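These notes are about the structure you will find just below.
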Amino acid sequence: DSVFEMQHWSSWYGKRHNSSFRVITPRGTWTPPTLPKSATGAYLPQTSVMEKIFADRMRKQSCAVSEEEETQAPPTFTKEEIDDVESHPADRKFYPGKYQLWRFKVSKASDWITFRHLNENEKLLVEMSCAPKINHVLWTKWKNATIQNFIPKDEPHPIV
C-alpha cells in the first residue's frame, strides 16, 4: 500500500482555506517472475551478454503491475441505485458521521444489513452515497483508496 498526506486549498471567500488528510491506496497484485526451463527441467544457462540484458528487462517488466490492473475501472452505479441506499435512522442518530457503523438497505427488497456484512460492491455503493464529495474526486485517480484523518476533524469536509 502507498500512504501519503494531501493538502486541500479552498479559494472560497469566508471558508476555511486549508485542510489535510491521509490517502491509502490499495495494493496491486504481484506475481513473482518465472524462470524459463529447458525440456529436461534444468534452468537455461545465460550464454551471452545480450541474453542477460534481455532476461533482466523481461524480469523487470514481469514484476511491474500490469496495465490491465491499472486501467480496471470500478463498478459504476446509476443515480437511482445511489438514491435507493437507505441508512437506519437510529444508527444515524447514535453514530453521526460514522457510516461504517450504520445498517443499510441497499435496495427496496433487502433487509437491514450492517456495513461490515455488505459485499464489496454494496460497500462501494454505500460509500458513494455517504462519503464526502472530496472522496469522489480522489477515487477518480486512486480507485478504492482509503481517505482518513481529516484535519480539522469536527468541521465540514473541504468544498469541492
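By convention here, the first residue in the shown sequence is residue 1. Owing to the predicted nature of the structure, the values given are computational and were not obtained by experimental measurement.
Counting all heavy atoms, side chain and backbone alike, A145 lies closest to T25 at CB-CA, 4.2 Å. I82 and S129 get closest at one heavy-atom pair: CG2-CB, 3.6 Å.
A 4.5 Å side-chain heavy-atom check between S107 and D84 finds every atom pair outside the cut-off. Side-chain atoms of D91 and L101, non-hydrogen and from C-beta on, never get closer than 4.5 Å to each other.
Annotation: side-chain contact (heavy atoms from CB on, under 4.5 Å) contacts of D83 (sequence neighbours excluded): K79. Listed by chain and number, the residues in a salt bridge (charged side-chain N to carboxylate O under 4.0 Å, His left out) with D111 amount to none (sequence neighbours excluded). Contacts of Q148 classified as side-chain hydrogen bond (donor to acceptor under 3.5 Å, both in side chains), with partners at least two apart in sequence or in another chain: none. Partners of E5 by salt bridge (charged side-chain N to carboxylate O under 4.0 Å, His left out), not counting sequence neighbours, listed by chain and number: R22. By the side-chain hydrogen bond (donor to acceptor under 3.5 Å, both in side chains) test, T146 pairs with no residue at all, sequence neighbours left out. Judged as a salt bridge (charged side-chain N to carboxylate O under 4.0 Å, His left out), and not counting sequence neighbours, R92 has no contacts.
Ring geometry for F104 against W102 counts as tilted: the plane angle lies between 30° and 60°, on a 0 to 90° scale.
Interatomic distance, Q7 CD to F21 CZ, rounded to the nearest 0.5 Å: 8.5 Å. Separation of atoms CD1 (I113) and NZ (K123) is listed at 11.5 Å; rounding is to 0.5 Å. To the nearest 0.5 angstrom, C130 atom SG is 9.0 Å from Q100 atom CD. Taken to the nearest 0.5 Å, the NE2 atom of H88 stands 10.0 Å off from the CZ atom of F94.
No single ILVMFWY cluster, assembled from side-chain heavy atoms under 4.5 Å apart, contains both W112 and L118.
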